[in-house]
Amino acid sequence: MNTEKKYFEKIAERGQLIVISGPSGVGKRTVIAEYMKEHPNAMKCTSVTTREPHPNEVDGKDYHFISHLEFERLIRSQQMLEYAYYNRNGYGTLRKAVEDAREAGRNVILSVDVTGAMKVRALCPDATLIFIMPPTWDELEERIKSRNTEHPDVIAERLMIAQEEILCAGQYDYILINDTIENTVRRLGQIIHGNRYSKSSMKKFLESYIESELHSELADEVLSL
């Protein structure tokens with residue numbers, strides 16, 4: 001490889017957007033946390049929310065705590081990449097925060113529900129959508145029921161939502177079965193590493209390569225598209 005060639009500096013210089021979904025209790029949070037320990041280039045964008053901070057939560061670190069009025073303004077001005085309401089409070093991801101991180105070469109990981117994932121895909125077609133599934137339904141049901149702090153009606157609702165989400169798994173690019181945390185983290189890493197050389201990640205490299213190496217009317221025509 002000739003290191004003097006400037007276009008080699010453009011190999012996968014733009015960060016990826018990885019969207020992860022899965023039913024409650026499947027272990028998404030643990031998988032993401034373990035992956036990020038091993039890959040410091042990955043990051044989670046701090047979400048905005050209209051709810052009150054919990055004890056020990058820090059504004060700007062755990063969440064950006066904003067008013068309902070400001071939340072609605074962000075939606076109307078199309079500054080939200082995705083958003084949802086839970087228990088009358090809004091939660092969302094700012095588009096600019098994601099774009100700034102990707103332009104800086106950081107891989108951004110979002111953990112959102114199915115609806116949020118579809119919103120992200122509509123606005124960012126190059127996002128990679130990954131669905132995490134439990135090995136068996138019985139195992140997921142046991143995990144959800146083991147949360148003794150929840151009312152039986154809440155557990156029944158979570159199980160119903162989980163079924164609906166699993167039925168949507170076919171809309172994702174990849175499906176990971178969370179048999180063990182170690183295996184799932186390894187598979188997630190393989191997906192993200194492979195995507196580093198996808199056509200969307202290599203777009204700027206290819207344009208620079210064509211401009212530098214291919215001198216023809218056809219090359220000029222391709223670059224102008």
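In what follows, residues are counted from 1 in the order of the sequence shown. Values below: all heavy atoms of this structure, side chains included; hydrogens, waters and symmetry mates excluded. None of the values given here were measured: they were computed from a predicted structure.
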(Q) Taking the side chain as everything from C-beta on, heavy atoms only, tell me whether E57 gets closer than 4.5 Å to F65. (A) yes

Q. So, the side chain of Q16 versus the backbone of I192: is there a donor-acceptor pair under 3.5 Å, distance only?
A. yes

Q | Least distance between heavy atoms, T46 atom then H64 atom | A | O-CD2, 3.5 Å

Q. Got a second to check how far K44's NZ is from I109's CD1, nearest 0.5 Å?
A. 8.5 Å

Q: Test L110 against every option in L17, I20, I18 by the side chain to side chain contact (heavy atoms under 4.5 Å, CB included) rule and name the one that passes.
A: L17

Q) For T180, which of T184, N183, N178 qualifies under side chain to side chain donor-acceptor pair (under 3.5 Å)? A) N183

**Q.** For L129 against A117, the heavy-atom pair lying closest together
**A.** CD2-O, 3.9 Å

Q: Look at the side chain of R29 and the backbone N and O of S111, then say whether any donor-acceptor pair between them is shorter than 3.5 Å.
A: no

Q. So, for G22 and K28, which heavy atoms are closest and what is the spacing to 0.1 Å?
A. O-NZ, 2.8 Å

Q: Kindly compute the distance separating CE (M160) from CD (E165), expressed to the nearest 0.5 Å.
A: 10.5 Å

(Q) Going by side chain to side chain contact (heavy atoms under 4.5 Å, CB included), L140 matches just one of D138, T136, I144. Which one? (A) I144

Q: Not counting sequence neighbours, list each pair that qualifies as a side chain to side chain donor-acceptor pair (under 3.5 Å) and has a residue in residues 121-134.
A: R102-D126, R121-D173, T128-N195

Q: Would you mind reporting whether V98 and V120 have side-chain heavy atoms less than 4.5 Å apart?
A: no

Q. Between R186 and E182, does a salt bridge (Lys or Arg N to Asp or Glu O under 4.0 Å) hold up when you go through it step by step?
A. CA-CA 6 Å; R186 175 176 53 81; E182 294 78 10; over 6 Å; no

Side-chain donor-acceptor contacts of residues 79-86 below 3.5 Å, not counting sequence neighbours, with atom names and distances?
| residue | atom | partner | partner atom | Å |
| --- | --- | --- | --- | --- |
| Q79 | NE2 | S77 | OG | 2.8 |
| E82 | OE2 | T93 | OG1 | 2.6 |
| Y85 | OH | E72 | OE2 | 2.4 |
| Y86 | OH | D113 | OD2 | 2.7 |

Q. CE of M133 to CD1 of I166: how many Å apart, nearest 0.5 Å?
A. 5.0 Å

Q) Counting only heavy atoms not in I177, do more than 12 sit closer than 6.0 Å to its CD1 atom? A) no

Q.
Salt bridge or not between E142 and K145? Use side-chain N to carboxylate O under 4.0 Å.
A. no

Q: Check whether any side-chain heavy atom of M43 lies under 4.5 Å from a side-chain heavy atom of N107, and answer yes or no.
A: no

Q.
Please determine whether residues I181 and I191 belong to a single hydrophobic cluster, defined as Ile, Leu, Val, Met, Phe, Trp and Tyr linked transitively by side-chain heavy-atom distances below 4.5 Å.
A. yes

**Q.** salt_bridge(R14, E99) N-O dist < 4.0 Å
**A.** yes

Q.
Please verify the inter-ring angle class for F205 with Y209; under 30° counts as parallel, over 60° as perpendicular, anything in between as tilted.
A. tilted

Q | Same apolar cluster: F71 and L123, side chain cutoff 4.5 Å | A | no

Q: Identify the two heavy atoms, one from V112 and one from G116, that lie closest to each other, and give their separation to 0.1 Å.
A: CG2-C, 3.8 Å

(Q) Count I, L, V, M, F, W, Y as connected when their side-chain heavy atoms are under 4.5 Å apart, and connections chain through other members. Are W137 and I155 then in the same cluster? (A) yes

Q) What closest approach, in Å, do Y35 and V185 show between heavy atoms, and which atom pair accounts for it? A) CA-CG1, 3.9 Å

Q.
Please check this pair: side chain of H193 against backbone of G189, looking for a donor-acceptor N/O pair closer than 3.5 Å.
A. no

Q.
Check this for me: does any side-chain nitrogen of one of R143 and E139 sit under 4.0 Å from a carboxylate oxygen of the other?
A. yes

Q) Can you tell me how far the CE atom of M36 sits from the CG atom of N41, to the nearest 0.5 Å? A) 10.0 Å

(Q) Whether the side chain of T49 engages the backbone of Y91 through a donor-acceptor N/O pair (distance < 3.5 Å, no angle test) should be reported. (A) no

**Q.** Atom of S67, atom of T50 and distance for their closest heavy-atom approach
**A.** O-CG2, 3.8 Å

Q) Are V154 and I161 in one and the same hydrophobic cluster, where Ile, Leu, Val, Met, Phe, Trp and Tyr link if side-chain heavy atoms are under 4.5 Å apart? A) no

Q: Enter the distance from K96:NZ to L74:CG here, rounded to the nearest 0.5 Å.
A: 13.0 Å

Q.
What I'd like to find out is whether the side chain of L188 reaches to under 4.5 Å of the side chain of E34, using heavy atoms alone.
A. no

Q: Assess whether atom CG of L167 is packed by more than 12 heavy atoms of other residues, nucleotides or ligands within 6.0 Å.
A: yes

Q) Which residues satisfy the ring pair (Phe, Tyr, Trp, His ring centres under 6.0 Å) test with Y172, sequence neighbours excluded? A) F131

